Amino acid sequence: MSAHRPGLPAPTLSVLTDGYWKAAGEGRLALQRCGRCGAHRHPPTAACYRCQSLDWAWDDVVGTATVFTYTWVEHPVHPATVDYVPFNVAVVELDDTEGEPVRLATAILGVDRDALVVGLPVTVDFDPTGDGVALPVFRPSATGNR
Amino acid sequence: MSGDWLAGKAAIVGIGHTAFGRRGEFAERGTFAMACEAVVTACADAGIDPSDVDGWSSYSDDAAAANQLAMTFGAKRFRYAAMAWGGGGSGICGAFLNAAMAVATGQADCVVVSRSICQGEGGRFGQALAGVGGGGLPAPFSFSSPYGLMSPAQMFALAARRHMHRFGTTVDHFGEIAVNTRRMASTNPAARFREPMTMADHHASRPIADPLRLFDCCMESDVAAACVLTSVDRAADLRRPPARVASATMGGPYRYGEGLLAGHQMADDDFASAGQRTVADDLWGKSGIRPGDVDAAMIYDHFTPMVLMGLEDFGFCAKGEGGAFVADGHIRLDGSLPLNTSGGNLSEVYSHGMTHVIEAVRQLRGDAVNQVPDAEVVLVGGGTGTSPTSALLLTR
Ligand SMILES: [Zn+2]
């Protein structure tokens with residue numbers, strides 16, 4: 001269970017996805033990377049969208065990103081969120097990946113409502129959910145850190 | 001008028017629906033009984049005995065199964081059954097495409113498209129994944145739900161925000177769609193929400209998922225609806241004027257996948273869209289009909305921003321100009337493109353698009369409550385935000 005979003009469902013691990021979550025548990029942001037053409041991709045898939053290769057491996061990425069879009073959840077659809085709405089959910093576009101832009105759905109922690117804007121530079125952090133797994137989350141990048 | 005091979009071969013000849021209930025209102029009747037009432041009503045409208053229906057088509061994994069419907073009605077022959085992929089209403093026009101293809105190719109003589117929704121029985125679409133428990137999340141949603149991203153309103157808010165950022169779209173533009181749709185519903189005695197709505201009412205409705213407010217979101221309903229399709233030749237002998245299938249398409253943009261529900265890897269222009277660019281391109285390309293030929297449009301309105309972006313996808317205005325298009329009054333009853341003339345998902349009922357098709361048929365028959373004079377070409381857009389989505393062109 002997330003420390004920052006308690007009560008929400010934990011990710012389900014599968015053969016295809018457990019490397020992502022376990023890397024996050026160790027403090028690394030790892031993406032699938034094609035063994036043939038080198039394109040990164042997310043969420044995990046069996047084949048490369050660019051060259052259709054079935055070969056892939058996990059690859060650590062730098063972990064900085066830019067906010068692509070966001071929402072502030074006001075209506076607590078999930079009962080566990082009643083106590084902490086409004087909270088944000090964002091889609092961020094990762095820096096320094098190979099291939100088409102790679103985006104993650106995530107949370108931006110430590111940001112005021114007025115400060116969360118499209119284009120905000122952010123840096124990955126990790127929110128442990130137990131069993132050696134963590135959710136990649138992001139925080140505003142320190143000024144001059146990029 | 002049309003170059004689609006399918007054009008002029010099949011027609012909708014009967015329409016029917018149950019009463020429009022609030023979510024859970026018809027739970028005791030159940031999904032299947034509701035479907036049967038809709039089928040009987042649509043067949044009566046067509047003047048066709050339900051036992052002569054030999055094909056069944058639906059979408060969104062509808063629970064009223066084709067084999068059970070055929071057995072229930074004592075169908076003399078059971079020749080064809082098809083299910084279109086996609087959740088919610090995304091596959092609806094694909095179900096009509098499957099039905100029309102079956103008729104056009106002789107696989108079946110008479111195909112019913114049906115959809116039955118009892119949300120007390122089948123779970124709530126508006127809550128999407130919020131009810132998923134210890135059994136675990138479906139894999140694609142493991143990358144969204146743990147962050148609290150689990151309802152359609154939240155997911156579509158992400159596309160709305162991106163569109164606002166790129167094109168200067170405002171909440172007033174979303175509000176115009178909600179207010180216009182309510183205005184249409186106000187003269188429809190069957191609509192569930194008929195009381196007047198102003199822009200101020202829209203802005204004062206409670207926030208759901210920024211920038212979406214309650215009045216940007218459709219209702220939840222219990223409802224079943226059905227349409228009967230047969231060949232255009234046979235339609236000439238039936239009691240109702242046919243609504244001819246001119247063209248229909250289903251699909252989605254490159255790398256759209258689960259769309260806004262999970263994934264988010266599509267091109268930026270397709271992210272800030274309803275995901276209907278490709279079904280629209282194929283529809284216009286196959287049919288030879290142009291956006292300017294359309295007399296009225298039934299664009300899927302589960303959330304107001306998706307309507308605005310759908311208008312762009314279908315080429316009624318340029319990309320990024322959906323806000324100005326609605327603000328200029330084009331979607332009003334006296335505008336260039338009367339939209340969702342019975343009140344849509346937002347104000348009439350949420351039937352996963354069936355009542356959009358039914359309203360399109362009424363416009364072509366000339367007996368709609370908000371009739372567009374001499375309507376000859378009507379567009380229906382399927383549900384959006386995931387793929388495959390779908391589209392349907394009907395002509396008089
Ligand atoms: Zn590759």
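We name chains A, B, ... by the order of the sequence lines, and we start the count at 1 in each one. This is a predicted model, so every value here is computed, not measured.
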Spatial distance of atom [atom1] ([X]) from atom [atom2] ([Y]) [nearest 0.5 Å]:
X        : Y        : atom1 : atom2 : result
B:Gln265 : A:Glu93  : CD    : CD    : 9.0 Å
A:His78  : B:Ser151 : NE2   : OG    : 12.0 Å
B:Asp210 : A:Arg113 : CG    : CZ    : 5.0 Å
A:Phe87  : B:Leu149 : CZ    : CG    : 8.5 Å

Min side-chain heavy-atom separation [X]-[Y] under 4.5 Å:
X        : Y        : answer
B:Ser142 : A:Thr12  : yes
B:Arg206 : A:Glu74  : no
A:Pro9   : B:Met150 : yes

query: For A:Trp58, does the CH2 atom have more than 12 heavy-atom neighbours from other residues, nucleotides or ligands under 6.0 Å away?
result: yes
Please determine whether the number of non-hydrogen atoms from other residues, nucleotides or ligands lying under 6.0 Å from atom CG of B:Asp269 exceeds 12. yes
Minimum heavy-atom separation for [X] and [Y], please, with both atom names.
X        : Y        : answer
B:Tyr147 : A:Arg5   : O-NH1, 2.8 Å
B:Ala267 : A:Arg103 : C-NH2, 4.3 Å
B:His264 : A:Ala105 : CE1-CB, 3.9 Å
A:Val89  : B:Gly148 : CG2-C, 4.3 Å
B:Pro146 : A:Ala10  : CG-C, 4.2 Å
B:Ala157 : A:Thr71  : CB-OG1, 3.5 Å

Do B:Arg162 and A:Phe68 form a cation-pi contact, if we require the NZ or CZ to be under 6.0 Å from the six-membered ring centre and within 45 degrees of the ring's axis? yes
Task: Check: B:Phe143 ring centroid to A:His42 ring centroid under 6.0 Å - done: yes
Whatever's closer than 4.5 Å to a heavy atom in chain B on A:Pro86 counts as neither
Honestly, the part of B:His165 sitting under 4.5 Å from a heavy atom of chain A is side chain
Assert top hit (heavy-atom pairs under 4.5 Å, partner chain A, pool B:Leu212, B:Ile208, B:Asp268, B:Leu214) equals B:Ile208
For A:Glu100 and B:Arg255, run salt bridge (charged side-chain N to carboxylate O under 4.0 Å, His left out): C-alpha distance rounded to whole Å, both residues' side-chain angles, the deciding distance at 0.1 Å, then the answer. CA-CA 11 Å; A:Glu100 293 173 16; B:Arg255 297 192 78 203; 3.0 Å; yes
One option among A:Val91, A:Leu13, A:Leu16, A:Asn88 has the most heavy-atom pairs under 4.5 Å with chain B, and it is A:Val91
Pair count under 4.5 Å, heavy atoms only, with chain B: among A:Thr81, A:Val73, A:Thr106, highest is A:Thr106
